[in-house]
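Just so we're on the same page: letters track the sequence lines, and every chain starts at 1.
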Amino acid sequence: MLTSSLAAPPALSEVPSVPSTSAATFSSPAQLRQLHAKLVKSGISFSAADLPRIAVVCGRSPSREDFQYARSIIVSGAGDGRREALVWNSSLNALAESDRPPDVLRLFSLFRAADIPPDKYTFSFVLKACTHIGSAAATMGRAVHGLVEKFGLRSELHLHNTLLLMYGSCGPMADALQLFEKMPTRDVISWNILIAQLAKKGEMAMAKRLFEAMPSRSVRSWTAMIAGYVHSGDPKTALHLFRNMQAEETSSSSSSPNEVTFVAAIAACADLGDLDLGRELHHLCRRRGFHSNVRLCNTLIDMYVKCGSLSEARKVFDEMPERTVVSWSAMICGMAMHGRAKEALELFSEMESEVCPNGVTFLGLLHACSHMGMVEEGRRYFAGMWRDYGVRPEMEHYGCMVDLLSRAGRLQEAAEFIAAMPVAPSGAVWGALLGGARLHGDVAAGELAMRELCRLEPSNDGYYIVLCNIYAGAGRWEEVARVRRMMKEEGVKKTPGRSRVAVAGMVHEFVAGDCGHPRAAEIQRRWEELSAELRRRGYVPDTSQVMLDVGEEEKERSLARHSEKMALSFGLMSTPPGTTIRIMKNLRVCGDCHAAFKLVSAVSGRKIVVRDRNRFHCFEGGSCSCGDYW
DNA sequence: TTAGGGTTAG
């Protein structure tokens with residue numbers, strides 16, 4: 001092959017008199033034709049090393065003529081049919097790996113029409129493209145399976161595994177399972193593919209059956225299961241399995257967790273808010289030398305953020321040898337969650353010189369502005385994301401803007417913003433308006449939002465409850481009763497509040513109103529004592545949001561049994577003085593608990609970190625990090 | 001020349 005020693009390809013007009021046929025000298029069929037003409041004039045032909053590039057360039061072209069033209073060069077240069085297939089196969093693979101897998105299918109039909117005999121590699125690459133395309137390629141995938149049979153390749157295990165993967169990503173899982181049943185031989189990869197596909201679809205019961213039945217497991221089998229449990233919202237089982245894997249590690253090195261396994265396990269800690277275990281796993285990662293893996297570090301940042309330790313998240317971020325847009329976005333979103341808006345915006349300025357932001361980065365920025373009432377800054381980011389960064393606003397961004405405006409009390413503007421949206425607003429967008437309406441006691445805005453929400457998300461209990469809160473706040477009890485009747489008619493039940501607190505490595509969960517904890521009486525007594533002290537300091541239980549048709553005393557009793565108060569009371573009596581108490585709640589923290597927690601932080605001298613559904617509240621010395629803007 | 005598990009948001 002004639003190679004150019006120049007680092008950059010010369011412009012065509014500068015092609016030297018003895019032209020280089022280096023692959024870098026053409027990138028379109030038109031340039032190829034020009035180069036070809038010059039070569040012919042000079043009596044030089046393409047070398048074998050040029051052929052794959054010719055195949056890729058012309059294989060990507062929508063023109064049939066380009067394919068035929070390339071084929072004529074390849075046929076004369078390849079020498080025989082097998083080598084010709086090899087050249088086209090590598091072109092198929094390159095296209096399957098690129099961002100244009102549909103080109104593979106088009107090239108494959110040309111391939112078939114030209115009678116180039118396909119082999120196992122051809123099918124493998126075409127199936128890979130189907131897998132990348134997903135369900136839209138299901139028919140094509142089935143047709144390719146038919147060809148595999150027709151060409152007598154049914155005994156190829158490798159190809160069968162690729163078919164399993166294709167059925168798992170394109171078609172109904174039943175097709176993949178049927179193929180698996182019929183396979184003459186299977187290896188650990190066949191089992192892993194099936195388990196991973198089931199796990200991705202959340203079918204963990206069946207994935208578990210296969211995992212238990214498989215003859216031998218590899219690290220990937222374990223990791224697929226652990227990641228599957230995390231994705232399907234069961235981090236406890238994920239960590240249980242991780243522990244089992246560690247126990248087996250001593251007897252077999254094939255099940256030693258690697259970086260990917262740690263990513264899944266640390267993500268489980270993030271979901272559970274289990275800081276102690278998260279730290280332990282981080283320590284293990286360091287010992288195993290996994291600390292420079294970007295994805296692992298990104299997961300660690302997220303874990304520390306979600307476990308309430310922003311400083312440790314920042315430390316991981318600062319020590320990363322390289323950072324991607326995900327690292328920056330995770331850190332910016334983390335700062336937003338913790339109400340550190342100014343730092344989030346500063347980090348964004350730093351980020352701009354290193355990587356391009358994406359949609360998630362802007363969600364973080366808009367959240368940051370929203371949590372701190374920075375309306376003008378938020379508007380600026382929203383206006384600039386498409387104009388200056390080419391990031392198209394999606395539904396979540398519109399939702400953030402409505403949240404920003406309505407939290408700041410600009411409910412009229414928020415409603416106008418929704419009306420001007422270029423796409424039909426989702427339930428979450430109206431939900432943001434509803435939330436703002438509650439905050440500002442705006443019955444009309446609340447009713448406007450709820451009219452849409454009844455249509456879009458009639459079974460979402462949270463929205464009915466917020467509307468009840470709005471009516472209750474306005475003293476409109478007959479409306480509260482009407483909404484509750486609506487809920488009954490629709491069969492909508494209120495999700496009970498749940499709070500978790502970790503004490504001595506054990507996570508304890510409390511459900512609102514439930515006195516099932518073994519130390520329930522003690523916990524209640526402790527809260528009553530504390531409550532008496534708080535009252536002496538001016539705390540008055542806010543019974544206005546209790547939507548029970550009962551007397552004041554009963555309302556106060558109901559408030560005292562809020563899950564976050566029980567978790568706090570238990571945390572206070574079970575940990576040494578001075579220990580930070582970390583609580584995680586499934587819903588938004590209630591207003592009465594928020595007021596009480598501020599006082600408790602002053603009375604007890606403790607730092608109390610609460611992660612609710614939306615953000616973090618860090619109570620210390622009588623105030624909250626949210627500045628009461630939440 | 002071919003196959004399997006992972007990150008921010010939700």
Using a 5.5 Å cut-off between ring centres and planes within 30 degrees, is A/Y121 stacked on the base of B/dT2? no

Write down the distance between CD (A/E156) and P (B/dT1), rounded to a whole number of angstrom. 16 Å

Rounded to whole Å, please give me the gap between NE2 in A/H371 and P in B/dA9. 12 Å

Look at the side-chain N and O atoms of A/K306 and state whether any lies under 4.0 Å from the OP1 or OP2 oxygen of B/dG10. no

Please check if any side-chain donor atom of A/S256 sits under 3.5 Å from a side-chain acceptor atom of A/E249, or the reverse. yes

Have a look at A/H160 and say if it touches a base, only the backbone sugar-phosphate, or nothing, with a 4.0 Å heavy-atom cut-off. nothing

Taking the ring centre of each residue, are A/W88 and A/F67 less than 6.0 Å apart? yes

Winner on side-chain proximity to A/V263, out of B/dT7, B/dA3, B/dG10, is B/dT7

Choose from B/dG6, B/dA9, B/dT1 the nucleotide whose nearest atom is closest to any side-chain atom of A/F125. B/dT1

Measure from CD on A/E354 to P on B/dT8 and round the result to the nearest Å. 20 Å

Which nucleotide in the set B/dG10, B/dT2, B/dG4 lies at the smallest distance from any side-chain heavy atom of A/N192? B/dG4

Using a cut-off of 6.0 Å, state whether more than 12 heavy atoms not belonging to A/R340 lie near its atom CZ. no

Checking all strands, does A/A264 fall into the base, sugar-phosphate, or nothing category for heavy-atom contacts under 4.0 angstrom? nothing

No-hydrogen, no-angle side-chain donor-acceptor test under 3.5 Å, A/H240 and A/Y229: no

Between A/F111 and A/F108, what is the ring plane arrangement, given parallel below 30°, perpendicular above 60°, and tilted in between? tilted

Side-chain donor-acceptor pair under 3.5 Å between A/Y389 and A/E352, yes or no? yes

Just call it for A/L165: base, sugar-phosphate, or nothing, with non-hydrogen atoms closer than 4.0 Å on any strand. sugar-phosphate

Between the side chains of A/S47 and A/D50, is a donor N or O closer than 3.5 angstrom to an acceptor N or O? yes

Would you say a side-chain N or O of A/K200 is under 4.0 Å from OP1 or OP2 of B/dG4? no

Between B/dG10, B/dT8, B/dG5, which one does the side chain of A/H367 approach most closely? B/dG10

Tell me: CG of A/N614 to C1' of B/dA9, nearest whole Å? 13 Å

Which part of the nucleic acid, if any, lies within reach of A/E259 when heavy atoms closer than 4.0 Å are counted: base, sugar-phosphate only, or nothing? base

Just to be sure I understand the rule, does A/H397 reach a base, reach only the sugar-phosphate, or reach nothing, if contact means heavy atoms closer than 4.0 Å? nothing

Closest approach to the side chain of A/T299, judged atom by atom: which nucleotide of B/dT7, B/dG6, B/dA3 is it? B/dT7

Return the value, rounded to whole Å, for the distance between atom CZ of A/F317 and atom P of B/dT8. 16 Å

Students often get this wrong, so: under 4.0 angstrom with heavy atoms, is A/N89 touching a base, only sugar-phosphate, or nothing? base

Any N or O donor-acceptor pair under 3.5 Å from the base of B/dG6 to the side chain of A/N293? yes

Below 4.0 angstrom from OP1 or OP2 of B/dA3, is there any side-chain N or O of A/K128? yes

Value in whole Å for how far the C1' atom of B/dA9 lies from CD1 of A/I332: 13 Å

What is the distance from CD1 of A/I193 to C1' of B/dT2, rounded to the nearest Å? 11 Å

Given B/dG5, B/dT2, B/dA9, which nucleotide is nearest the side-chain atoms of A/A224? B/dG5

Let's see if you can work this out: which of B/dG5, B/dT8, B/dA3 has an atom nearest to the side-chain heavy atoms of A/V219? B/dG5

Quick one: which of B/dG4, B/dT1, B/dT8 gets closest to the side chain of A/D119? B/dT1

Shortest side-chain distance from A/R295, nucleotide among B/dG6, B/dA9, B/dG5: B/dG6

Measure from OH on A/Y398 to P on B/dA9 and round the result to the nearest Å. 22 Å

Of the candidate nucleotides B/dT7, B/dT8, B/dA9, which contains the atom at the shortest distance from the side chain of A/A330? B/dT8

